[in-house]
Structures are given as structure tokens and as C-alpha cells.
Amino acid sequence: MVIEKQPSCDDEFEPELLPVEIALQRIASQIVPLSDGSDIEFLPLRQSLNRIVAIPVKSPIDVPAYTNSAMDGYAINSANLPESGEVTLSVIGTAWAGRPVKSEISHGQAVRIMTGGMMPHGTDTVVIQEHVQANLSGNDVASIVIDNSTSAGRNVRQAGEDIKSGEVIIEPGEQITPAHVGLIASLGIDTVAVFRRLKVAFFSTGDELRALEQHAGETLGPGELFDSNRHTLFAMLTRLGVELNDLGVVPDTADATRAALTKAAATSDVVISSGGVSAGQADFVSQTLAELGEVTFWKLAMRPGRPLACGKIGNAHFFGLPGNPVAVMVTFYEFVQPAIKRLMGCRNIEPLRFQVQSAVAIRKVPGRIEYQRGIVSTDSDGKQVVNTTGKQGAGRLTSMCMANCLIVLPVDSDGVKPGDMVEIQPFHGLV
Ligand code: AMP
Ligand code: MG
């Protein structure tokens with residue numbers, strides 16, 4: 001007898017597998033970002049860190065607010081610069097940062113000035129202190145000798161040179177970083193309009209799962225395992241700055257799945273589950289979703305993470321992730337995170353990717369995009385190279401812990417030789 005085999009996760013190529021790019025486009029096309037007035041809140045500056053700007057931040061002032069010196073030196077009027085030879089100017093005072101010289105400067109005079117000091121009336125140029133000969137009277141500089149090596153207007157920061165009053169300095173959709181916080185403070189602004197936090201509910205499915213809340217440290221029975229996906233999801237979602245609603249572990253029954261989905265969708269913008277989306281008899285997520293809302297169940301041309309259920313229940317977006325712990329993380333970062341960011345009103349969603357040399361051979365057959373766990377590092381020649389973390393099983397969370405990047409191998413790739421360039425997606429951004 002010959003067993004007629006059905007398509008499975010083990011197959012490299014199945015014609016009906018949906019390419020990842022198409023799945024991403026379809027998800028993006030369903031998302032309407034927050035934009036309403038009711039979705040906007042006004043926060044004290046420090047609390048706005050990581051939030052998404054909803055209303056343009058405009059500068060109420062010129063930056064710098066006044067014309068000032070970029071160096072320690074002497075403020076002069078450029079009319080005093082000699083065409084050749086040297087001239088002597090009398091020094092009539094000192095402009096410290098925050099303590100301007102108020103008097104008008106006449107021809108033949110100069111003012112000693114510190115970096116950031118306000119340029120006195122009648123001056124337009126700073127000759128740096130290293131380029132003058134200073135004549136002292138006691139401890140004070142009475143006069144300076146300058147030559148023509150400084151050009152008119154040098155070493156001066158003009159008022160409004162960085163930012164003009166009324167200029168938009170942060171566009172809606174920008175995520176507030178520490179640099180933005182400082183920039184906004186520099187304008188004298190202490191309140192920022194940001195989009196509200198999204199509400200995200202999440203749960204695990206599986207009769208085999210033991211929740212830490214009740215069973216931490218216990219001896220597992222045969223076939224049981226500790227629920228880790230819910231905790232990974234908690235951590236990934238916390239980094240995204242959403243409001244969380246943890247619905248626990250849901251047993252593999254249609255009733256329990258229906259109840260969890262109904263409750264989650266009623267109060268959330270996004271609902272995420274893990275497990276129960278394959279075609280197994282204990283996989284209730286996709287079929288329950290079909291009863292309650294619009295569902296698309298995809299078999300994706302990717303590894304890890306072939307099955308993914310996507311859709312809407314009422315106004316809530318739903319993502320049914322696979323059960324395998326690494327697949328949960330990869331599908332979250334590739335599909336759910338961009339969707340959540342888009343929904344949050346965020347503009348910069350494209351993940352950072354770049355090419356580095358692979359230090360090792362990587363086995364792969366064409367048919368699916370693969371996200372292997374990698375470690376990018378600098379080799380002894382100072383060149384960036386990537387290694388894999390070793391065994392790439394979809395259940396091995398240790399591979400995600402060791403990795404600092406995903407190695408993204410395209411659908412058609414038939415493997416990598418040492419020295420080949422590969423695309424990586426780093427885990428960490430700089431700011
Ligand atoms: P499923 O798609 O529900 O068949 O799950 C696929 C695999 O992932 C099974 O080996 C599950 O035991 C495992 N798994 C599912 N959910 C979790 C979870 N929440 N934590 C850890 N492993 C899980
Ligand atoms: Mg399951």
C-alpha cells in the first residue's frame with residue numbers, strides 16, 4: 001500500500017503556501033491607524049517617552065534663541081578685520097554664557113566672549129582666543145592684536161539657525177526617543193500630544209499547559225509543560241508600550257476558545273493567541289474565529305511558523321500565532337509588531353535589515369523564507385560576520401536567547417556558503 005501524504009509543516013514546497021510579503025501586505029491593508037481626537041491624549045513630557053506623536057510638535061521659539069558665540073574668543077565687528085597686517089582692538093568687557101554685555105560696541109573695540117555667550121550689539125564675528133595676542137592689564141585682557149586670518153561671520157551661531165519659530169520639528173507618527181525628549185524640553189514645551197495606548201489581550205491555548213500562576217515549581221505530569229508563550233508575549237508587548245490584558249491558559253475546547261475570544265475582542269484593539277491554529281483535532285482557534293468574525297487562516301511560506309490565523313472579531317484585530325515558542329516570537333516580530341505599530345499610528349515600521357558575511361555554511365532548501373537565529377559579531381579582521389546559534393528547532397527558546405539577530409534567508413535560497421553575504425535583522429536598536 002502507498003500512503004497518500006497530505007501537505008504538512010515538513011514539506012519545503014507547497015504550491016498553496018502564501019508568501020510572507022503578501023501576508024504582510026494583506027495585514028497592512030486591513031489596518032486603520034489611530035487618528036481621531038478621541039484617540040489622542042496630552043502627556044507630561046517625560047511620560048511621553050516611547051509614545052507616538054499625534055499632533056505636530058511646533059517650535060514656539062527660534063533655536064538658538066539669540067545669536068551667540070560657538071567658541072571662546074573675542075567678539076568683534078568684521079569691519080575691524082585688517083586687509084593685511086595686524087590691528088589692535090581694546091577689550092571693553094566679557095560676555096559670559098547667560099550674562100550678556102549690554103553696551104553697543106564701537107569701532108576699534110572688542111568683547112571677550114565665552115562659548116554660548118550672546119553676541120553684543122555691533123559685533124558679528126568671533127576671533128578664537130588661540131588666534132589673538134592678548135595684552136594684559138593685571139589679570140584682565142586690556143587689548144588684543146588680531147590679523148586677517150579670521151573671515152567675517154566666523155564662529156557665530158545665528159539666532160534661528162537650527163530651528164525657526166513656528167517650524168514643525170516632530171511629525172505625527174514619530175516615536176518619542178530620549179533625543180526627542182531633550183529636543184522638546186529645549187523648546188520650553190512640557191506637554192506632548194500622543195496617541196492613546198492600544199489595548200491588547202492575549203492567551204495561550206493547550207490542555208498540556210501548566211500556568212506559572214498556579215503551578216510554578218511543581219513537578220510536571222506526563223505530557224505536561226509550563227506555559228511559556230504567554231510570558232514571552234507579555235514581555236514583547238510590554239516593550240511595545242501597550243495596555244495588557246492577560247487571559248491565561250485556555251483549554252482545547254470550542255466553548256472555552258469561544259468564551260476567551262469573545263471576552264478579549266469586546267474590550268481590546270488587538271487579540272493574540274498562541275497554539276491551536278494547525279489542522280489538528282485539538283486546534284480550535286481558527287474554526288472558532290470563523291464563527292465569530294472574519295478569519296483568514298494562512299499557511300505561510302516561512303520557517304519557523306507555518307500556520308497563522310488572522311482576522312477581525314468586531315473591531316478587534318486577531319492574530320492566532322503557532323504554538324512553538326520560537327515560532328511565536330518570529331511571527332510576532334514579523335507580523336504582529338508591524339501591525340500593532342501601524343495601528344498605534346507609528347510611521348517607521350520597516351525593520352532594520354542589512355547584509356553581512358556569513359562565517360559559516362547554512363543548510364536550506366528552496367521553498368520557504370527562513371528566519372534563523374544568528375549572532376553577529378566582529379571577526380579578527382574587524383569585519384562584521386554572522387554565525388548561526390546552532391540547532392534551529394522551533395521549540396528551542398535558548399536559540400532566541402543566544403541570538404542577537406535573525407538571519408533572513410529568502411524563499412529561493414538553497415543554502416549559504418561561508419563568506420556569502422546574508423541579510424540580518426538585528427534585535428537591538430541604538431536609541
Ligand atoms: P499547537 O500548535 O497548539 O499544536 O502547539 C505546537 C507546539 O507548541 C506543541 O508542542 C505545544 O506543546 C507547544 N506549545 C503550545 N503552546 C505553548 C505554550 N503556551 N508554551 C510553550 N509551548 C507551547
Ligand atoms: Mg495546542
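All of these numbers come straight from a predicted model, not from anything done at the bench. Each ligand, and each atom within it, is numbered from 1 in the order the structure gives.
Nearest to atom 10 (O) of ligand 1 among the protein's heavy atoms is Asn324 OD1, 4.4 Å. Protein heavy atom in closest approach to atom 4 (O) of ligand 1: Asp283 OD1, 4.2 Å. Given atom 23 (C) of ligand 1, the protein heavy atom at minimum distance is Gly323 O, 3.4 Å. At the top of the distance list for atom 17 (C) of ligand 1, counting protein heavy atoms only, stands Asn229 ND2, 3.1 Å. Nearest non-hydrogen protein atom to atom 20 (N) of ligand 1 is Ser228 N, 3.0 Å. At the top of the distance list for atom 22 (N) of ligand 1, counting protein heavy atoms only, stands Leu225 CD1, 3.4 Å.
Side chain of Thr331 to main chain of Ala327: a donor-acceptor pair is present (N/O by atom type, distance under 3.5 Å, no hydrogens or angles). For the pair Asp269 (side chain) and Lys199 (backbone), a donor-acceptor distance under 3.5 Å is present. A donor-acceptor pair under 3.5 Å is absent between the side-chain atoms of Lys263 and the main chain of Ala259, judged by distance alone. Judged purely by atom type and a 3.5 angstrom limit, Asp255 has no side-chain atom pairing as donor or acceptor with the backbone of Thr253.
Some N or O of Glu208 is nearer than 3.5 Å to an N or O of ligand 1, by distance alone. Geometrically, ligand 1 and Gly275 share no nitrogen or oxygen pair separated by less than 3.5 Å. Of the N or O atoms in Val277, none lie within a sub-3.5 Å distance of an N or O in ligand 1.
Gln357 and Lys383 share a donor-acceptor pair across their side chains, judged by distance under 3.5 Å alone. A side-chain N or O of Arg373 and one of Ser399 form a donor-acceptor pair less than 3.5 Å apart. Inspection of the Asp62 and Ser165 side chains reveals no N or O donor paired with an N or O acceptor under 3.5 Å. Looking at Asp124 and Ser78, their side chains do bring a donor and an acceptor atom within 3.5 Å of each other.
Contacts between Val249 and ligand 1 below 4.0 angstrom, taking non-hydrogen atoms only, are absent altogether. Looking at Ser204 against ligand 1, only its side chain comes within 4.0 Å, counting heavy atoms.
Taking a cut-off of under 4.0 Å to the non-hydrogen atoms of Asp227, the atoms of ligand 1 that pass are 18 (C), 19 (N), 20 (N).
For Gly276, the heavy-atom gap to ligand 1 drops under 4.0 angstrom. Using 4.0 Å as the threshold, Ser278 has a heavy atom nearer than that to some atom of ligand 1.
Screening Ile76, Val141, Val127 for a side chain to side chain contact (heavy atoms under 4.5 Å, CB included) involving Val132 leaves a single residue, Val127.
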